[in-house]
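Got a structure for you, written out below as structure tokens; questions coming shortly.
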Amino acid sequence: MLMEGMAYFSSVKPVLLKTDALIFMLLAVIIAFGAYARGKAYLRAPWRKVFSSRTGMVAAVVIVFYGTVALLDSIHMREPLENKGHDGETFYSVEVISLLDLMLGPLKTQVEKTYSAPFATHLYAKETVELPDGSSARLYPRLEYGGAHLEDPQRDKGRDILLRSLSGAGAGLLAWVALGALFIWGMARRARASFSVTLKQILGGRTAIPWHMMLYTAGVFLVLIAVIASLAGHYHIFGTDKVGNDVLYQAIKSIRTALVIGTLTTLVMLPFALLFGIMAGYLRGWVDDVIQYLYTTLNSIPGILLIASAILMLQVYIDTHPDLFETDAARADMRLLFLCIILGVTSWTGLCRLLRGETMKMRAAEFVQAASAFGVRHSRIMSRHLLPNVMHIVLITVVLDFSGLVLAEAILSYVGVGVDPSMHSWGNMINGARLEMARDPMVWWSLLAAFVFMFILVLAANLFSDAVRDAFDPRTLSR
Amino acid sequence: MLAYIARRLLYAVPILIGVNLITFMLFFIVNTPDDMARMHLGMKHVTPQAIEKWKAERGYDKPLLYNEEAQGLSTFTDTIFFQKSVRLFAFDFGLSDDGRDIGHDIYQRMWPSLAIAVPILVFGLLTNITVAMLLAFFRATYIDVTGVIMLVALMSISSLFYIIGGQYVIGKLLHLVPISGYDSGMNALKFIVLPVLVALLYGIGSGGRWYRTIFLEEIGKDYVRTARAKGLSERLVLFRHVLKNAMIPILTGVVVLLPLLFMGSLILESFFGIPGLGSYVIDAIQAQDFAIVRSMVFVGSVLYIIGLILTDISYTLVDPRIRLS
Amino acid sequence: MSDILLSVRGLSTHFQTQGGLVRAVDEVSFDIRRGETFALLGESGCGKSMTSLSIMRLVPEPAGRIVSGEIRLDGENLMDLPEAGMRRIRGNRIAMIFQEPMTSLNPVLTIGDQIGETVRQHRRLNGAGARNVVLELLDAVGIPDPRQRYEEYPHQLSGGMKQRVMIAIALAGEPDLLIADEPTTALDVTIQAQVLALLGDLQKQTGMAVLLITHDLGVVAGMADTVAVMYAGQIIEKGGKEAFYHAPQHPYSRKLFASLPDVNKRGHRLAVIHGAVPSLARDFRGCRFAERCDAAWDLCHQRAPQWYRSGDGQEVRCHLLDPALAAQRPAGGAPDLPAEPQAHAGAAHAPASLLEVEDIKVHFPIRKGLLKRTVGHVYAVDGVSLRIGRGKTVALVGESGCGKTTIGKAILQLIRPTAGSVRFEGDELTRLRGEALRRRRSDFQIIFQDPFSSMNPRMMIDEIIQEGMVALGIEKDARRRQARVAELLEQVGLPREARHRYPHEFSGGQRQRICIARTLAVQPKLIICDEPTSALDISVQAQILNLLKQLQNELGLSYLFITHNLSVVGYLADEVAVMYLGRVVEYGTVEDVLEQPRHPYTQALLSAIPVIDQATRREVIRLEGDLPSPSSPPSGCHFHTRCPHAMPVCGQRYPGSTSLSATHRTHCFLYDGSAE
């Protein structure tokens with residue numbers, strides 16, 4: 001099996017989308033920052049406070065699960081086609097798939113004809129079906145995949161679902177116990193304590209970091225994933241959409257889109273906000289005037305209109321230059337990246353103004369004056385004295401902005417200036433479902449799936465940002 | 001005071017010029033009018049004649065910045081830049097790409113926008129302050145903790161769900177008010193109730209939480225300790241001392257939004273079929289009517305700058321410490 | 001009715017902080033008699049403010065909690081009262097004024113409203129009746145134009161006036177006890193004298209008792225009847241004021257007196273209490289002062305001492321006062337070291353000038369109007385001349401807002417002077433620009449007032465000290481720089497290991513040592529010391545003053561010592577310049593200025609300083625009003641608006657310099673022949 005996998009991966013053509021590259025860069029930055037922060041006492045202390053917050057750490061576990069999905073969905077490739085060219089040249093499929101697609105397997109491929117409700121065995125619309133006896137009738141036809149293994153859905157469905165859920169939950173529980181034991185064993189080794197002592201400490205919540213809460217959260221997730229995994233191959237848990245695609249698959253694929261917008265936007269705007277904010281606040285004079293002018297001007301344009309204008313213009317550009325993009329995925333990715341950039345342009349002003357104000361306050365601080373008295377150069381004062389002392393503001397803003405950006409994506413997609421319509425996103429899901437609102441009975445499952453996935457992520461992000469703010473906001477810190 | 005306002009208005013000029021340049025660049029430099037015409041007419045099978053005709057009808061057939069063929073002053077005025085961008089300064093918006101008078105449209109659509117935006121602002125302020133005061137009164141108790149978690153949960157839900165949920169429950173299940181639409185005069189009331197309710201519910205999460213932080217910050221200040229040392233009751237301390245101080249950031253935070261109320265709410269208006277400026281913008285974006293988008297960008301910027309000036313003035317009104325100079 | 005008004009027994013208040021449980025007040029007991037002034041004396045963080053908040057039951061909850069104790073007001077235990085009952089006590093029976101008058105008043109309510117609130121609450125008066133009472137109160141606390149002030153907001157008043165308003169609020173309920181928590185610490189000396197005098201007068205009129213909380217031995221000497229000394233959450237000594245000042249009994253109290261700088265200790269090292277106040281988050285077994293006490297022995301570290309009677313009726317918590325225990329004390333280590341003379345290696349020969357400042361002016365423009373035209377100036381420094389000899393100390397004295405800090409920064413060219421010249425070893429600094437100025441910067445350095453904000457919290461001590469050496473290219477080799485940092489740390493009395501730590505890990509005194517090491521790293525010839533000890537406790541101040549003195553002797557440094565504390569000046573300086581509103585009004589040697597002050601302002605300033613020895617107390621020359629604004633200084637002599645000797649000519653032109661002796665100059669028409 002290992003050999004098979006190796007062979008498969010050597011046959012595909014890896015694809016690195018622009019956002020993929022940025023995501024891995026961001027990951028590298030976070031890891032590098034973590035390594036750097038470990039060495040700095042003043043950074044360690046507030047982080048320790050974040051790590052000791054229960055809601056914060058539960059939220060962190062949730063975010064890690066989402067993040068893992070997004071990372072798996074950021075390793076892209078194109079599969080080789082069967083038929084080769086004349087000179088043995090391999091052609092690759094125009095469809096770009098990700099590692100996540102491979103793992104989700106049947107979710108992606110089991111496409112029905114049209115709408116079907118969650119756990120349904122029949123389509124949502126009547127169709128004229130030819131019966132075996134040759135006559136035809138209008139009825140709800142059986143689904144091609146959903147519950148196809150059942151002989152008599154009416155009779156067997158409930159039992160089947162229950163059994164599969166139970167076995168899934170059992171497997172998930174087992175996996176959790178095994179992983180949890182491994183973790184506790186590792187912790188015991190590090191602390192040079194016995195396994196049972198460490199176990200009691202962790203489960204009793206007597207550790208500095210609320211490991212028990214994190215373990216329970218991870219447990220809930222593992223069991224959920226296992227249950228879903230055991231059901232998803234045989235049912236459409238969240239139903240299917242208009243063209244029969246699995247809604248659960250769409251909701252999962254949308255995770256990457258949301259995370260990309262929530263994180264890359266910040267990554268894009270951060271350098272500008274930092275540089276301009278600190279320069280304006282420290283150098284004052286005409287530099288300050290220019291930068292203030294710049295951000296007042298950008299700020300005065302209603303954000304959504306600026307985004308809309310830019311995205312519309314980009315779309316015109318993409319449409320008139322179709323030859324620039326090798327695949328549809330690359331084209332959609334371009335739009336996603338551009339959306340991040342334009343969101344960054346509209347949102348850097350807030351942080352910039354905050355940083356300017358803080359720098360102005362700090363400029364009068366005695367340690368900055370002392371540095372000037374030593375003849376320390378402006379560039380060094382800004383990078384070594386001012387920057388590290390405003391980083392907490394940056395961190396708080398970044399974490400705080402994340403949930404807002406995820407929510408904004410949905411609205412932009414609704415307005416029609418969000419991500420590419422071909423890209424999976426919760427905004428596109430809601431938008432698609434909205435058009436069917438008038439249908440009676442209503443098609444509600446796309447909305448439900450988007451709601452659940454989005455709510456969990458945004459809630460977790462909000463709770464985590466609360467923990468970060470509590471730890472880093474100087475108003476709550478004592479000297 | 002007057003001199004201050006005059007100076008701020010003077011500062012507004014370069015900002016508006018900047019806004020204008022940005023929109024001009026976005027709409028005419030990044031993509032040429034030809035591209036726009038081609039897109040409007042459908043990407044395929046477009047004849048050059050059709051493009052020229054489309055451009056001529058909408059006045060996009062002129063040179064961008066400098067008209068070599070014209071005489072005298074009109075070398076500059078008979079250009080796209082002058083006709084489409086500079087004339088905005090006189091609030092002369094011209095015609096939309098489908099030939100309607102934008103200025104007239106804006107005036108018409110302003111009122112429905114205000115009809116829902118003003119109640120949202122007023123009632124939103126009241127509910128948020130009430131919620132925040134309650135939480136601040138019960139600070140560090142179970143009520144506060146649960147309340148804050150509920151607010152965080154409320155603000156973690158996309159506004160789209162509030163709208164869809166509100167329409168479904170109140171409009172479709174309970175049939176209390178129409179799901180969407182608008183009417184003139186007092187008849188508008190039944191169309192306004194639902195969007196206002198939905199917006200209030202959506203606003204409580206972030207608004208209530210933000211105001212609570214402001215209240216708590218004020219409660220931590222020295223003058224509150226003085227008030228307590230006088231023997232005042234907690235109720236008096238909160239309502240006489242804390243509320244009055246907390247209203248400064250709250251009110252001035254609201255004032256900057258006042259002029260923007262004219263712009264309406266994009267999503268609400270579009271969902272509830274209210275013919276205001278918000279839905280005007282959305283329709284324009286979806287129909288890719290750049291003339292309207294350009295005009296609304298300009299209007300929005302002007303209103304934003306007015307908001308900034310009003311904010312500064314409001315500080316002097318509510319905060320005795322600040323005098324403009 | 002008993003003589004005792006307030007009786008506190010076994011009061012303990014705890015605080016939950018990030019660093020653990022802090023026992024801010026630990027088993028504190030004392031009694032306050034009717035009409036007396038009871039002073040609670042202690043350094044910062046000893047729990048004295050928390051004691052006063054506990055009495056009012058205003059400890060910030062839920063972090064803080066009164067865990068045990070009784071507080072009896074006229075026999076009624078306040079701890080048993082419900083919150084509503086407590087509200088009848090607050091502001092009515094017990095009133096309180098706070099340290100920071102700037103923030104203690106509500107900024108958006110008028111003065112009249114804020115005083116009237118208490119009147120309405122506790123005197124059941126309304127409308128015109130309440131208003132009249134408020135006006136009377138304003139008048140009683142010496143606020144001119146009460147009718148006008150009634151309608152004004154706090155920001156329109158000066159700091160001293162605000163504190164008067166606070167006092168008026170406190171008086172409104174006609175309290176039996178007034179708690180004054182550091183009431184004058186945030187104020188200037190002349191204003192402090194006004195406020196203290198007011199408090200004394202009011203107490204005489206109303207017969208209320210005062211609980212005075214302060215760190216200032218001088219204020220206590222002038223005000224108190226009874227003194228209690230607090231250390232690390234406990235009272236360690238209490239007794240009558242006379243007895244306490246005559247012969248303090250606890251080693252800590254004695255050391256406090258010994259570590260006060262003054263003229264008589266010139267040329268000697270100040271006695272110091274080594275170390276810093278311990279954290280109240282830890283557990284104590286023995287005496288809390290043991291680790292800083294010269295007289296401590298094993299027992300002190302193991303067992304907490306009992307209360308003993310000693311001296312003239314004082315009660316003291318110290319093993320030394322138990323004859324049986326003191327006898328067990330091993331010999332050696334005298335409890336009281338006499339102040340040892342300090343080696344004087346300073347340059348005795350004719351001092352060559354290191355720095356000459358001539359007629360410098362620093363004016364900040366005030367811009368207004370449509371085009372931001374300059375409509376006026378803040379005359380922060382308006383024509384000051386100074387000269388500092390090699391190895392000498394010149395003190396610059398004045399109240400806040402007189403421009404003394406601005407001069408320091410103008411000399412360093414951190415603020416460019418508007419006019420005048422600054423010559424350092426003959427080089428004109430005001431003309432140096434860019435790189436040329438940067439190269440010169442190693443010669444003159446500055447130490448700031450607040451050791452908490454003068455070091456970048458994000459840098460390690462190592463990097464902080466090296467920064468100047470790197471920037472000025474003092475030592476190019478990294479290895480030798482490292483060695484130099486270690487050397488410098490030892491020179492200022494810190495362990496070498498300190499360099500691998502961050503500023504927040506050090507106490508205020510240690511941080512100030514690090515700041516000194518940082519300036520020494522670039523081998524300056526002149527150090528401008530901008531109030532280097534005013535943020536520190538008395539016991540730590542002595543350590544820093546000793547260090548500065550010792551470094552001057554060893555390295556031949558010159559100091560420009562900017563301060564408002566005249567006793568430090570007397571101890572440390574060679575020459576003194578007294579500033580008022582941007583100008584030097586009197587200049588001379590320490591003996592000239594401190595012993596024979598001639599300018600009326602200097603005289604008033606000196607008389608206003610609370611002194612410990614009541615016998616040498618001068619009669620306070622009370623200055624009326626506040627410091628005028630430096631943006632519109634009075635015409636003629638800036639001081640004439642407040643001067644008790646003002647003559648018509650004073651309002652017309654500024655007096656020229658009059659030489660009183662070879663070393664003593666002043667600007668005053670009283671000594672100027674041209675006035676006649």
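Chain A is the first sequence line, chain B the second, and so forth, proteins listed ahead of strands; every chain is numbered from 1. These values consider heavy atoms only, across backbone and side chains, with no hydrogens, waters or symmetry-generated copies.
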Honestly, the part of A:Ala408 sitting under 4.5 Å from a heavy atom of chain B is neither
Is it the case that atom CZ in B:Arg139 sees more than 12 heavy atoms from other parts of the structure closer than 6.0 Å? yes
Cut-off 4.5 Å, heavy atoms of chain B, and the answer for A:Leu447 is both
*asked:* Test side chain to side chain donor-acceptor pair (under 3.5 Å) on B:Tyr11 and A:Thr296; report intermediate values, then the result.
replied: CA-CA 11 Å; B:Tyr11 282 161; A:Thr296 317; over 6 Å; no
- Query: Do the rings of B:Phe271 and A:Tyr414 sit parallel, tilted or perpendicular, given the 30° and 60° boundaries?
  - Reply: parallel
Expected contact set for residues 299-308 of chain A against chain B at heavy-atom separation under 4.5 Å reads A:Asn299, A:Ser300, A:Ile301, A:Pro302, A:Ile304, A:Leu305, A:Leu306, A:Ala308
Among residues 19-26 of chain B, residues within the sub-4.5 Å heavy-atom range of chain A, in order of number, are B:Val19, B:Ile22, B:Leu26
Ranking B:Val281, B:Val297, B:Ile282 by heavy-atom pairs under 4.5 Å to chain A gives rank one to B:Val297
Taken to the nearest 0.5 Å, the spacing of B:Ser158 OG from A:Phe455 CZ works out to 12.0 Å
**Audit row: B:Ile267, A:Val415, side chain to side chain contact (heavy atoms under 4.5 Å, CB included) steps and yes/no** = CA-CA 8 Å; B:Ile267 309 295; A:Val415 179; 3.9 Å; yes
If one checks every heavy atom of B:Leu16 against chain A at 4.5 Å, the contacting part turns out to be neither
One should read off an interatomic distance between A:Asn462 CG and B:Arg209 CZ, to the nearest 0.5 angstrom, of 6.0 Å
In this structure, CD1 of A:Ile411 is separated from CG of B:Leu266 (nearest 0.5 Å) by 9.0 Å
Highest number of heavy-atom pairs under 4.5 Å with chain B among A:Leu407, A:Leu314, A:Leu459 belongs to A:Leu459
With sequence neighbours left out, the residues meeting side-chain hydrogen bond (donor to acceptor under 3.5 Å, both in side chains) with A:Ser422 are A:Asp420
Filtered by a 4.5 Å non-hydrogen cutoff, the part of residues 148-157 of chain B contacting chain A is B:Val152, B:Ala153, B:Met155, B:Ser156, B:Ile157
